[in-house]
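Working notes for the structure below.
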Amino acid sequence: MSAPASHALRDNLTMLRRNLLHARRYPSLTLNLLLTPVILLLLFVYVFGNVMSAGLTGGHADRSEYVAYLVPGILMLTVAMTSLGTAVSVATDMTEGIMARFRTMAISRASVLIGHVVGSVIQTLMALVLVLGIGLAIGFRPDATPLEWLAAAGLMALVSLALTWLAVGIGLISPNAEGASNIGTPLVMLPFLSSAFVPVDAMPGWFRWFAEYQPFSPAIETLRGLLLGTEIGTTNAVLAVAWCAGMTLVGYFWSKARFSREPRR
Amino acid sequence: MTTKQTKQTTQTTQTTQTTQRNEPGLAIAATGLHKAYGDKKVLDGIDLHVPTGTVFSLLGPNGAGKTTAVNILSTLVPADAGQARIAGHDLVAEAQSVRAAIGVTGQFSAVDGLITGEENMLLMADLNHLSKQEGRRVTADLLERFDLVDAARKPASTYSGGMKRRLDIAMTLVGGPRIIFLDEPTTGLDPRSRHTMWQIIRELVSGGTTVFLTTQYLEEADQLADRIAVLDGGRIVAEGSAEELKRLVPGGHVRLRFSDPVAYERAATALRETTRDDDALTLQIPSDGSQRELRAVLDWLDAAGVEADELSVHTPDLDDVFFALTAGTAAPATTAATATKETAR
């Protein structure tokens with residue numbers, strides 16, 4: 001017997017409120033994770049900017065060109081970093097005694113996870129606004145139309161949703177916060193092996209194939225196209241959406257299966 | 001012949017199941033619960049029957065399987081074998097209905113430490129689908145009743161052990177559960193908090209709630225429980241009221257005190273099997289405390305024409321029962337007690 005739909009909806013909202021309350025009381029985890037993309041943004045623009053831009057433009061150094069290239073990549077890196085926070089907070093939550101209480105209450109079980117996911121996506125979008133603000137402050141000048149902005153926001157929400165569901169699964173298989181952070185690291189490393197910092201053309205041939213088709217590059221290229229009007233290419237757009245849909249489904253069913261297992265003693 | 005027998009067996013089984021299903025007045029009815037973790041048998045076929053509105057205590061040493069029993073009955077973990085009905089609902093098929101009827105306070109604090117006590121209570125109100133207004137009212141009521149008003153706006157992680165436990169139980173009560181599971185509710189609490197907790201449990205029962213309590217403290221079971229089951233090594237080794245259990249083990253006696261040395265001597269001669277204490281002028285006669293044995297002692301005294309100044313019946317306390325029934329023997333405890341007394345002297 002499952003709870004009526006209205007109860008399930010209310011449980012989701014209750015759990016969402018709980019997670020947002022946690023985030024508001026203890027924002028340090030999210031803020032710490034935000035630090036990495038912001039520092040990388042400043043480092044790559046002001047320290048490596050001239051050298052990096054020379055590679056992009058074919059010789060002459062132009063820092064502002066590199067800002068334009070980098071910011072979409074940093075935005076996706078932000079999404080990845082904040083999803084790591086989800087893995088850590090889910091792992092921590094699972095070690096809490098209150099989880100046993102939730103399991104013995106007549107509530108929608110999925111609401112525990114859905115609360116985490118929706119809460120994380122909201123936090124990620126807020127983090128993105130912050131990082132984008134810094135980007136604009138250091139000279140990022142997108143030429144997107146309102147519709148393109150909307151599409152860009154939708155894309156980032158989609159990537160965030162996909163990574164967050166995976167992160168929930170990672171959090172559920174981790175014995176504790178440290179474990180979640182370790183297991184989640186490969187996910188956070190992926191943006192570094194994508195077209196976030198340099199074009200994939202600049203990479204060795206054997207590696208280019210991986211860099212081009214892994215989840216982040218298509219998403220970053222699509223985001224660049226939406227914000228800056230560069231060529232997106234149907235492959236990238238389709239791949240980005242397909243990756244997101246795939247990761248969301250895998251993460252969702254994996255998390256659900258893990259959560260309904262017998263709790264650890 | 002063989003076929004007929006099989007048929008009969010099947011019918012008997014069906015009858016048993018029907019009986020169990022329709023058994024009125026039972027808050028918890030469990031039969032043949034088994035649970036193993038790996039090759040370690042934690043519960044080895046236990047039956048539990050708890051009438052509605054009573055306190056049932058599962059008493060046992062550490063590792064006896066008490067928490068596992070609570071976890072199974074509260075739908076937290078599935079049993080390997082066996083059946084149970086909680087508040088009339090099947091534990092497996094109607095888990096969600098069972099959950100709606102029960103409240104659980106586990107051994108480890110089940111509060112959200114990151115938010116305040118009040119927020120914890122409101123969270124429970126929301127999850128019990130109470131209206132905003134009703135949720136606020138219940139929260140205010142329970143915080144008041146459990147003496148948590150002053151700490152209501154502080155994060156639960158800053159609470160002391162006793163406060164956390166009180167918040168824990170208050171949270172359990174938000175949904176008005178008919179059956180409450182309390183897994184070692186006073187373990188780790190100081191004596192004052194323990195007595196507060198006992199008071200809380202008594203109030204719950206007077207309100208008609210059924211309480212299923214695990215404890216390793218004999219005094220606690222003695223104080224609170226209508227019925228006690230002693231769990232040891234995954235099996236129930238004894239069950240009954242505290243008094244019934246005490247009668248199971250030897251050690252009970254009738255004590256006669258005299259002020260007149262002559263009467264004392266005459267009684268000592270007239271009665272067999274007595275233990276003398278010449279300094280205190282008291283005699284101890286082994287007895288199970290039953291009416292028949294008491295009458296026999298009185299008849300002997302009448303026949304000898306002596307009158308004791310005081311007659312008292314001493315039944316063994318639950319400690320005796322516990323050590324006699326659970327894996328250890330009474331000897332270590334007795335030695336320990338004696339040693340303590342001697343040290344005290």
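In the text below, chain A, chain B and the rest are named by the order of the sequence lines, each starting its count at 1. Owing to the predicted nature of the structure, the values given are computational and were not obtained by experimental measurement.
Checked by atom type, the side-chain pair B:Asp90/B:Gln83 shows no donor-acceptor distance below 3.5 Å. When only modelled atom types and interatomic distance are considered, B:Glu184 and B:Thr214 share no side-chain donor-acceptor pair under 3.5 Å. Under the 3.5 Å distance criterion, with hydrogens and angles disregarded, a donor-acceptor pair is assigned to the side chains of B:Gln96 and B:Arg99. Judged purely by distance below 3.5 Å, without hydrogens or angles, the side chains of A:His22 and B:Asp112 pair a donor atom with an acceptor atom. Neither side chain, B:His34 nor B:Asp80, offers a donor N or O lying under 3.5 Å from an acceptor on the other.
In this structure, chain A has no heavy atom under 4.5 Å from any part of B:Gln107. Residue contact with chain A, scored on non-hydrogen atoms closer than 4.5 Å, is absent for B:Thr67. Contact of B:Ser109 with chain A is made through the backbone alone, with heavy-atom distances under 4.5 Å. For a residue to count as touching a neighbouring chain, one of its non-hydrogen atoms must lie under 4.5 Å from one of that chain's; by this rule A:Met15 touches chain B with the side chain only. Heavy atoms of B:Asn120 lying under 4.5 Å from chain A belong exclusively to its side chain. Heavy atoms closer than 4.5 Å to chain A are found in both the backbone and the side chain of B:Val104.
When the candidates B:Val111, B:Val98, B:Thr75 are compared by the number of heavy-atom contacts under 4.5 Å with chain A, B:Val111 comes out ahead. Counting heavy-atom pairs closer than 4.5 Å to chain B, the top-ranked of the candidates A:Arg18, A:Met99, A:Arg101 is A:Arg101. Each of B:Leu122, B:Leu123, B:Thr105 has some count of heavy-atom pairs under 4.5 Å with chain A, and the biggest count is that of B:Leu123.
The aromatic rings of A:Trp165 and A:Tyr252 lie perpendicular to each other, with more than 60° between the two planes, well past the 30° mark.
Atom CZ of B:Phe108 sits in a sparse spot, with 12 or fewer heavy atoms from other residues, nucleotides or ligands closer than 6.0 Å.
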